[in-house]
Amino acid sequence: MPELPEVETTRRGIQNQLTGARISAIVVRNPALRWPVAPDLDAILRGQRILDVGRRAKYLLIECEQGTLIIHLGMSGSLRFVTADTPIEKHDHIDLLLDNGHILRYRDPRRFGAVLWQYGPVLLHPLLTKLGPEPLSDAFDGSVLFDATRKRGSAIKLTIMDNHVVVGVGNIYANEALFHAGIAPTRSARSLTAEECGRLAAEIRTVLTRAIAAGGSTLRDFVDAIGKPGYFQQSYFVYGRSEQACLRCGSVIRQIRQGQRSSFFCPHCQPC
DNA sequence: CTTTGCACCTGTTGGC
DNA sequence: TGCCAACAGGTGCAAA
């Protein structure tokens with residue numbers, strides 16, 4: 001499910017219960033995630049205290065005394081707190097047991113997610129070293145986007161979804177940010193002016209920030225309760241609205257295919 | 001270095 | 001009701 005807002009909402013939802021706790025055990029029922037879960041993970045984690053729960057891009061970082069447990073939710077992953085008698089369902093692959101009684105359960109039907117261990121500084125992990133700036137940090141703004149787009153002939157939507165340019169912009173919010181910035185997803189990246197890059201960077205930030213705020217209010221307890229993230233309760237300006245009227249101008253929203261993903265845009269508000 | 005397409009896997013939806 | 005194809009929130013990787 002997760003786009004960046006869901007990952008960040010999950011991080012906030014588990015941080016307090018995890019931080020300061022000691023790991024009693026990790027139970028891996030199915031290690032066949034995107035990469036195999038390390039067979040000795042239980043031996044590694046047992047007894048370690050959790051220092052904090054961080055995030056880089058869509059990777060959750062469970063920072064422990066000797067290293068970091070890296071969790072990615074992939075396309076269909078979720079984390080929730082359960083009790084010892086909660087029935088284990090089909091795709092509940094992993095339980096993390098804490099000495100404070102909490103049990104964190106990892107579910108992931110498609111198994112595109114990952115659970116990895118890294119000793120020492122986590123940012124040295126190969127998956128994290130080449131990532132671009134965080135979209136909500138000072139390291140990302142219009143001028144950074146402008147510079148990154150100069151040599152790119154490919155479509156701007158593909159560019160903002162490229163983790164080397166900026167992390168955490170998934171398909172939904174790439175579409176939404178482009179709509180609010182008034183830029184067609186098919187525009188070549190290098191054709192954007194500095195001003196357009198400024199608008200787009202600002203809209204990426206706004207759209208993600210708003211979604212996190214909404215997730216925080218409407219999904220405050222989804223981690224330990226429902227686990228049904230916000231996509232179903234949220235409404236978007238263009239995403240998933242093909243053939244419907246643009247909420248701004250009434251034109252018909254169009255759907256196209258870019259990089260094997262669906263793009264949605266308003267041909268009037270986002271001229272080519 | 002940029003760009004493109006594939007791969008991983010299961011569940012849901014829509015057409016016939 | 002059944003069957004099959006297409007599609008779904010991600011992203012690393014090989015190949016061009």
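Quick note on labels: first sequence line is chain A, next is B, and so on, each numbered from 1. Values in this document were obtained by computation on a predicted structure and should not be read as measured data.
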Membership question, hydrophobic clusters at under 4.5 Å side-chain separation (ILVMFWY): are A/L4 and A/L128 in the same one?
no
Does one hydrophobic cluster hold both A/W117 and A/L73, with members joined at side-chain heavy-atom distances below 4.5 Å?
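Yes; tracing contacts between hydrophobic side chains, which count when under 4.5 Å, links both residues.
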Nearest whole angstrom, please: distance from the [atom2] of [N] to the [atom1] of [X].
{"X": "A/Q258", "N": "C/dA8", "atom1": "CD", "atom2": "P", "value": "13 Å"}
{"X": "A/E3", "N": "C/dG10", "atom1": "CD", "atom2": "C1'", "value": "9 Å"}
{"X": "A/R55", "N": "C/dG10", "atom1": "CZ", "atom2": "P", "value": "14 Å"}
{"X": "A/R107", "N": "B/dC9", "atom1": "CZ", "atom2": "C1'", "value": "16 Å"}
{"X": "A/D108", "N": "B/dC8", "atom1": "CG", "atom2": "P", "value": "16 Å"}
{"X": "A/D162", "N": "B/dG5", "atom1": "CG", "atom2": "P", "value": "15 Å"}
{"X": "A/L33", "N": "B/dA7", "atom1": "CG", "atom2": "C1'", "value": "16 Å"}
{"X": "A/E6", "N": "C/dA8", "atom1": "CD", "atom2": "P", "value": "17 Å"}

Rounded to the nearest 0.5 Å, what's the gap from [atom1] on [X] to [atom2] on [Y]? Could you check?
{"X": "A/E203", "Y": "A/L178", "atom1": "CD", "atom2": "CG", "answer": "10.0 Å"}
{"X": "A/Q270", "Y": "A/I156", "atom1": "CD", "atom2": "CD1", "answer": "12.0 Å"}
{"X": "A/F265", "Y": "A/Q255", "atom1": "CZ", "atom2": "CD", "answer": "10.5 Å"}
{"X": "A/R80", "Y": "A/T86", "atom1": "CZ", "atom2": "OG1", "answer": "9.5 Å"}

For A/N171, which of A/M161, A/E176, A/Q258 qualifies under side-chain contact (heavy atoms from CB on, under 4.5 Å)?
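Running side-chain contact (heavy atoms from CB on, under 4.5 Å) over A/M161, A/E176, A/Q258 with A/N171 returns exactly one hit, A/M161.
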What salt bridge (Lys or Arg N to Asp or Glu O under 4.0 Å) pairs are there with at least one residue in residues 151-174 of chain A, not counting sequence neighbours?
A/R152-A/D162
Inter- and intrachain pairs under salt bridge (Lys or Arg N to Asp or Glu O under 4.0 Å), touching residues 25-37 of chain A, at least two apart
A/R29-A/D95
Run the side-chain hydrogen bond (donor to acceptor under 3.5 Å, both in side chains) test against A/E8 and tell me which residues pass, sequence neighbours left out.
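Partners of A/E8 by the side-chain hydrogen bond (donor to acceptor under 3.5 Å, both in side chains) criterion, ordered by chain and then number, come out as A/R11, A/R12, A/R55.
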Residues in side-chain hydrogen bond (donor to acceptor under 3.5 Å, both in side chains) contact with A/N16, at least two apart in sequence or another chain:
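So A/N16 forms no side-chain hydrogen bond (donor to acceptor under 3.5 Å, both in side chains) with any residue.
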Show me, pair by pair, the donor-acceptor contacts under 3.5 angstrom made by side chains of residues 19-26 of chain A, not counting sequence neighbours?
unit_1 : atom_1 : unit_2 : atom_2 : d
A/T19  : OG1    : A/Q15  : O      : 2.8
A/R22  : NH1    : A/G47  : O      : 2.7
A/S24  : OG     : A/D99  : N      : 3.2

Does any non-hydrogen side-chain atom of A/L96 lie less than 4.5 Å from one of A/L45?
yes
Are A/L116 and A/L127 side-chain neighbours, meaning at least one heavy-atom pair lies under 4.5 Å?
yes
In the 5'-to-3' direction, what one-character label does each nucleotide of nucleotides 11-16 of chain C receive under the scheme B = base within less than 4.0 Å of a protein heavy atom, S = sugar-phosphate only, - = no such atom?
BB----
Report, as a single string ordered 5' to 3', how protein heavy atoms within less than 4.0 Å touch nucleotides 11-16 of chain B: B base, S sugar-phosphate only, - not at all.
S-----
For a quick test of reading the model, state the closest non-hydrogen atom pair linking A/T159 to A/A189 and the distance between them.
OG1-CB, 3.5 Å
Strictly below 4.0 Å, heavy-atom distances to any atom of DNA chain C: list the hits from residues 148-160 of chain A, or just say none.
none
Measuring to OP1 and OP2 of C/dA8, would you say a side-chain N or O of A/S262 lies under 4.0 angstrom away?
yes
So is the aromatic ring of A/F112 stacked onto the base of B/dC9, judging by whether the centres are under 5.5 Å apart and the planes are under 30° apart?
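A/F112 ring does not meet the centre or angle cut-off for B/dC9; no stack.
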Does any pair with a residue in residues 179-206 of chain A pass ring pair (Phe, Tyr, Trp, His ring centres under 6.0 Å), and if so which ones, sequence neighbours excluded?
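For residues 179-206 of chain A, and leaving out neighbouring residues, the ring pair (Phe, Tyr, Trp, His ring centres under 6.0 Å) pairs sorted by first residue read A/F179-A/F237, A/H180-A/F237.
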Got a sec, which pairs hit ring pair (Phe, Tyr, Trp, His ring centres under 6.0 Å) with one end in residues 20-66 of chain A, sequence neighbours left out?
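Applying ring pair (Phe, Tyr, Trp, His ring centres under 6.0 Å) to every pair that reaches into residues 20-66 of chain A, excluding sequence neighbours, yields A/Y59-A/H72.
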Tell me which residues in residues 176-191 of chain A lie within less than 4.0 Å of DNA chain B, going by non-hydrogen atoms.
none
Expressed as a whole number of Å, how far does the P atom of B/dC9 sit from that of C/dC3?
24 Å
Using Watson-Crick and G-U wobble pairs whose two distances are both under 3.5 Å, how do you write the pairing of DNA chain C as dot-bracket, with | for links to another strand?
.|||||||.|||||||
Of the nucleotides C/dC7, B/dC6, C/dG10, which has the atom closest to the A/R257 side chain?
C/dC7
